[in-house]
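Below is one structure; the comments refer to it alone.
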Protein chains: 2
Amino acid sequence: MTATIKDVARLAEVSISTVSRVINDSKPVSPEARRRVLKAIEDLGYKPNEVARSLVTKKSNLIGVIVDDIGNSYVANIVRGIEEIGRMYNYDILLCSSYGDRQIETKFIQVLTTKQVEGIILVSEIVNHEVINNINEYKIPFVYLNRYYDIVDMPTVSMDYTQASKQMMNHLIELGHKKILYITQSMDNDLTIEKRKIKGYMDSINSINEGPHIYEVNGHRISFGYEIGEEVKELVNQNEITAIFCCQDEIAIGLMNYFADNNIKIPDDISIAGFGDITLASIYRPKLTTIREPYYDIGAVAIRRILKVISGEHIEEKSINLPIQLVIRESTKKINK
Amino acid sequence: MTATIKDVARLAEVSISTVSRVINDSKPVSPEARRRVLKAIEDLGYKPNEVARSLVTKKSNLIGVIVDDIGNSYVANIVRGIEEIGRMYNYDILLCSSYGDRQIETKFIQVLTTKQVEGIILVSEIVNHEVINNINEYKIPFVYLNRYYDIVDMPTVSMDYTQASKQMMNHLIELGHKKILYITQSMDNDLTIEKRKIKGYMDSINSINEGPHIYEVNGHRISFGYEIGEEVKELVNQNEITAIFCCQDEIAIGLMNYFADNNIKIPDDISIAGFGDITLASIYRPKLTTIREPYYDIGAVAIRRILKVISGEHIEEKSINLPIQLVIRESTKKINK
DNA sequence: CTGAAAGCGCTAACAC
DNA sequence: GTGTTAGCGCTTTCAG
């Protein structure tokens, strides 16, 4: 069996309290006693049992993180941010993947609470009302991160999407594009972040006195972008579209795949812009012009918030907005008249 | 405060032992008592404190997973496998990212042990001798997963790389290629998995009475594949190479990026094959012909092994080999004479 | 079938 | 400075 504090105390010929004191540096201990304790710890290879410690201190130093799918690069980046900052404060993370199942998300919140995590970060792609309605009962610091939906009345960290959308439109307009197609997501309620992006598009398109062209895609995987290729191509031809602004990098890449397979050259024949700056965006050829959403920072800010709540600091605002950044690469270029 | 077993006992007017019995279904309880306990649990919203439970049962139901970087898609897939199977057995995972730092890996093993994890899976890209030499002292079920190095005398799960390499060569040879360049990794010891891949290449190239062409790259990121582009191009020209087999998808993609930027058409001008089947491989255009390494399964098998050790089953072999799979896509094609 | 009591490994009063 | 002791919330003998 592994050594316990008792074993150390016995070997060092002191009481367990003294051992506890030197481990935690919580109270003064005589140099001599300290030396003996340290020696005993060394000899026994003693490591404090964090479970026992948690039980009495009620501090597990654990943050529960529920994600949709760690395989998404943006999720991985959020988790990186969470973990790296958490680590600085000596917190470990307990990872759970829900694969988009509401019931599983809810269940995880329960199991995480029983594991005595001190905070929970939910990275979801759906809106889980059950969680939203009941999370307060758990009285546990909580942050709800959602890439697609506006989370209201809940602690979250987000970005100014309308502004971002406008920035991209400005870029396109500066390149001489006027007939700009926006590809949006058809989603299931009014609280979509998409709405904010569309607003940015509409504001910009109105400002140059052009009419909007909007196409709806139903899903956010690369394959969906591919599947809409043909219809988009027709739309482009009918309306003399010269640039396409996609609400999601994945869609943009799927579309570029379709164009590549159908001999349409990007950016010579048409400019394409995305949103998100997923890992692929800079690897794909042509490299995708897009908007970088600072996911690492989102994770970092989310856990900082939780840590603050844990340490009793008062937090004013529920929602924090992070700056986004326009990333101009190869998929957009000056219009050729 | 949250309700404890005592509160439940008091409300149900039974002893805490009875409550414990109904929670764990560990011993018969009279229907009447059970009913009252269940009611009390319901009324109080009681959830057992897993920390306290762990302390007495010595079962944390936690598996520690130390990864290099969760942002790598293959790592994410391993973690998925670990988590999904772990979940089936009611195990949660504690995630730590080392970013390739040996000392941090070692430190994590320590903190994980103090957290009383019941097993540790290390997903590393380097060889950490300190871990290898000391892990036995911890007497904790352990699996060492390494994508680049052969792990010997340690529980691990791997694949038959030589065989895989031969399969790819066969595919290339069947397409009519003879002058095949292999791009290898220059790595720092004899225990590299690369050695096994090279063996497959050499065996095949010998079997068709051709001479080997091998180029060394020093790193496994996409950017490295790009950087060697020019030199590879010259080599190809000098030796009339018609196909390139890269030891890693990342290198293949970096190279294809270089070729795309320099007007060399894949697969018309030259065939390229990778190894790994990373997410990008099927998204990139042209889609990459490669070898699929079953990372999800590796994670799944790794945790199954740990679970078996925990449950006291005897495990014979240290190392398990999983089958790989040739994935033929667009980047290789019949040689045009 | 049920309750009392011991104890998991540790921290934190509380005395000395 | 140091030791004694009472728990933290739970499981598990051991009697009854």
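To find a chain, count down the sequence lines: A is the first, B the second, and so on, and within it residues start at 1.
For B/S20 and D/dT11, the shortest distance from a side-chain N or O to OP1 or OP2 is below 4.0 Å. Taking only side-chain nitrogens and oxygens, A/T18 never comes nearer than 4.0 Å to OP1 or OP2 of D/dG1. The phosphate of D/dT11 (OP1 or OP2) has no side-chain N or O of B/S26 nearer than 4.0 angstrom. Contact between the side-chain N/O atoms of B/K27 and the OP1/OP2 oxygens of D/dT13 is not found at any separation under 4.0 Å.
Atom NZ of A/K115 is separated from atom C1' of D/dG9 by 15 Å (rounded to the nearest Å). Spacing between atom NZ of B/K59 and atom C1' of C/dC8 amounts to 15 Å, rounded to whole angstrom units. Summarising the geometry, the separation between CZ on B/R35 and P on C/dC1 is reported as 16 Å, rounded to the nearest angstrom. When the P atom of C/dG3 is taken as reference, atom CZ of B/R34 falls 14 Å away, rounded to whole Å. Going from atom CD1 of A/I5 over to atom C1' of C/dC8 covers 13 Å, rounded to whole Å. One atom, NZ of A/K58, and another, C1' of D/dG7, lie 10 Å apart when rounded to the nearest Å. Atom P of nucleotide D/dC10 and atom CZ of A/R53 are separated by 21 Å, given to the nearest angstrom. Taking atom CG of residue B/N49 and atom P of nucleotide D/dG7, one finds them 18 Å apart after rounding to whole Å.
For B/S15, counting side-chain heavy atoms from C-beta on, the closest listed nucleotide (D/dT2, C/dA4, D/dG1) is C/dA4. For A/A52, the side-chain atoms get nearest to C/dC10 when compared with the rest of C/dC14, D/dC10, C/dC10. Closest approach to the B/N24 side chain among C/dG3, C/dG9, D/dT11 is made by D/dT11 (side chain taken as heavy atoms from C-beta onward). Candidate nucleotides D/dC14, D/dC10, C/dC10 were compared by shortest atom distance to the side chain of B/R21, and D/dC14 ranks first. Closest contact between the side chain of B/S17 and the listed nucleotides C/dA4, C/dG9, D/dT11 involves C/dA4.
At a threshold of 4.0 angstrom between heavy atoms, the contacts of A/V51 with the nucleic acid are absent. Note on B/T57: only backbone sugar-phosphate atoms sit closer than 4.0 angstrom, heavy atoms only; bases stay farther off. Using a 4.0 Å heavy-atom criterion, one finds that B/I16 contacts the bases of the nucleic acid, with or without backbone contacts as well.
Looking at B/D68 and B/R147, no side-chain N of the basic residue comes within less than 4.0 Å of a carboxylate O on the acidic one, giving no salt bridge. Using a 4.0 Å cut-off between a side-chain N of Lys or Arg and a carboxylate O of Asp or Glu, B/K107 and B/D101 do not qualify as a salt bridge. The residues A/R102 and A/E105 are annotated as not salt-bridged, no charged nitrogen and carboxylate oxygen being separated by less than 4.0 angstrom. With salt bridges taken as basic N to acidic carboxylate O contacts below 4.0 Å, none links A/K318 and A/D153. Salt-bridge check for B/R53 with B/E50: passed, with a basic side-chain N closer than 4.0 Å to an acidic carboxylate O.
Between B/L55 and B/V29, it is B/V29 whose nearest contact on DNA chain C lies nearer the 5' terminus.
No side-chain N or O of A/Y138 forms a donor-acceptor pair with one of B/K47 less than 3.5 Å apart.
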